[in-house]
There are 2 protein chains.
Amino acid sequence: MNIGDVAERSGLPAKTIRYYEDIGLVKPLRSANGYRSFRDRDVHKPAFLGRARALGFSIEDCRNLLKLYEDDDRTSSEVKQIAEVQLDRIDRKIAELTEMRATLAHLVDACAGDHRPDCPILADLAAKEEEIALLNEAG
Amino acid sequence: MNIGDVAERSGLPAKTIRYYEDIGLVKPLRSANGYRSFRDRDVHKPAFLGRARALGFSIEDCRNLLKLYEDDDRTSSEVKQIAEVQLDRIDRKIAELTEMRATLAHLVDACAGDHRPDCPILADLAAKEEEIALLNEAG
DNA sequence: TATTGACCTTCCATCAGGTGGAACCCCTAT
DNA sequence: ATAGGGGTTCCACCTGATGGAAGGTCAATA
């Protein structure tokens with residue numbers, strides 16, 4: 001099976017699959033003409049990777065998940081641990097974004113958005129210097 | 001004022017401030033010895049940038065915000081528009097992460113996390129191929 | 001048989017937004 | 001004079017791809 005078919009089945013661009021070969025995530029055979037030749041088990045991997053990436057797993061996580069996937073002696077606790085760490089990363093990211101959102105929404109709300117130059121958004125961005133200095137001293 | 005002092009006041013690493021000069025966000029003068037010499041208005045910019053970046057604004061957004069900040073003829077609506085677009089980006093990102101979180105939490109929940117190899121997480125990552133193919137046909 | 005067009009190949013550059021480190025200069029205090 | 005803590009430049013690296021050029025391959029058609 002050629003890369004185009006694998007791309008279609010996995011939903012990933014061929015370019016990305018080539019990249020995954022580059023970094024050692026998939027290792028298709030080669031046909032006589034130099035084309036990548038994906039065996040059945042090679043065909044599944046890009047799809048697996050696409051799913052894992054869609055859940056936010058890093059490439060290194062993907063590498064480990066794939067290793068576990070192919071390891072008959074794995075334990076589900078190994079897999080679960082990777083997933084829990086990822087869940088935690090997501091939670092922290094959401095918390096960070098939620099805080100950003102609150103601050104920004106507050107500023108947007110306070111801004112008249114009219115023809116005048118006065119703007120609480122710019123004022124806020126500009127005025128925090130003293131606080132930063134204080135924080136740095138304190139921390 | 002030298003870069004070290006500016007770094008302390010802005011809370012940014014000196015390295016980052018040099019990078020910001022590289023990409024044209026700040027333009028400090030130079031002393032006779034080649035050191036960057038920050039005037040008052042140069043000192044405020046890195047802090048401004050640090051704040052804006054902390055709210056998730058892209059470097060290009062920062063460039064525009066800085067331009068508006070220094071433009072006496074700006075209108076607050078110009079600023080507000082940039083901020084609203086950013087707010088929207090944050091909202092979409094949060095939505096994306098929330099969905100990822102739900103899926104992943106569901107899988108983690110379903111996984112025994114014990115010594116056995118059976119794992120719903122891996123099963124889910126592996127088993128979606130047909131769905132993907134169907135989706136691609138449909139879409 | 002020639003040619004078209006859709007595949008495939010490699011390689012190199014680019015993106016965001018910095019960070020790390022090497023090699024070297026400058027300034028002040030001891 | 002020498003040690004340290006500044007500063008400087010430049011180049012490489014990180015994540016996770018993506019774009020594009022230059023060229024090889026293959027199947028169908030004219």
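Here is how names work: the chains are called A, B, and so on, in the same order as the sequence lines, proteins then strands, and each is numbered from 1. Bear in mind the structure is a predicted one, so any value in this text is a computation, not a measurement.
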Between [options], which nucleotide gets closest to the side-chain atoms of [X]?
{"X": "A/Ser58", "options": "C/dT19, D/dG16, C/dT10", "answer": "D/dG16"}
{"X": "B/Arg30", "options": "C/dT19, C/dT10, D/dT9", "answer": "D/dT9"}
{"X": "B/Lys15", "options": "D/dC10, D/dT8, C/dT10", "answer": "D/dC10"}

Take atom [atom1] of [X] and atom [atom2] of [N], then tell me their distance rounded to the nearest Å.
{"X": "B/Ile17", "N": "C/dT19", "atom1": "CD1", "atom2": "C1'", "value": "14 Å"}
{"X": "A/Glu60", "N": "D/dG16", "atom1": "CD", "atom2": "C1'", "value": "12 Å"}
{"X": "A/Asp22", "N": "C/dA13", "atom1": "CG", "atom2": "P", "value": "15 Å"}
{"X": "B/Tyr19", "N": "C/dT19", "atom1": "OH", "atom2": "C1'", "value": "11 Å"}
{"X": "B/Glu21", "N": "D/dT9", "atom1": "CD", "atom2": "P", "value": "7 Å"}
{"X": "A/Asn2", "N": "D/dG24", "atom1": "CG", "atom2": "P", "value": "19 Å"}
{"X": "A/Arg36", "N": "C/dT9", "atom1": "CZ", "atom2": "C1'", "value": "7 Å"}

- Using a strict 4.0 Å threshold on nitrogen-to-oxygen distance, state whether A/Glu70 and A/Lys45 make a salt bridge. yes

- Query: Should the pair A/Asp88-A/Arg92 be classified as a salt bridge under the 4.0 Å nitrogen-to-oxygen rule?
  - Reply: yes

- Message: Heavy atoms only, 4.0 Å cut-off, all strands: where does B/Ile23 land among base, sugar-phosphate and nothing?
- Response: nothing

- Task: Report which part of the nucleic acid A/Phe57 touches: base, sugar-phosphate, or nothing (heavy-atom distance under 4.0 Å, all strands).
- Result: nothing

Using OP1 and OP2 only, check whether a side-chain N or O of [X] sits under 4.0 Å from [N].
{"X": "B/Tyr20", "N": "C/dG17", "result": "no"}
{"X": "A/Arg18", "N": "C/dT10", "result": "no"}
{"X": "A/Arg63", "N": "D/dG16", "result": "no"}
{"X": "A/Arg53", "N": "D/dG16", "result": "yes"}
{"X": "A/Thr16", "N": "D/dT18", "result": "yes"}

From [X] atom [atom1] to [Y] atom [atom2], the distance as rounded to the nearest 0.5 Å:
{"X": "A/Asp91", "Y": "A/Glu96", "atom1": "CG", "atom2": "CD", "result": "12.5 Å"}
{"X": "A/Met100", "Y": "B/Leu87", "atom1": "CE", "atom2": "CG", "result": "9.5 Å"}
{"X": "A/Cys111", "Y": "A/Asp124", "atom1": "SG", "atom2": "CG", "result": "11.5 Å"}

- On DNA chain C, more 5' by nearest nucleotide between B/Ile59 and A/Ile3 is A/Ile3

Polar pairs (N or O, both sides) under 3.5 Å between protein and nucleotides 27-29 of chain C?
from, atom 1, to, atom 2, distance (Å)
C/dC27, OP1, B/Asn33, ND2, 3.3

- So the side chain to side chain donor-acceptor pair (under 3.5 Å) pairs with at least one residue in residues 15-29 of chain B (sequence neighbours excluded) are B/Glu21-B/Arg30, B/Glu21-B/Arg36

- Query: Taking C-beta and beyond as the side chain, do A/Leu65 and A/Phe57 meet within less than 4.5 Å on heavy atoms?
  - Reply: yes

- Item | Other residues, nucleotides, ligands: >12 heavy atoms within 6.0 Å of B/Arg116 CZ | no

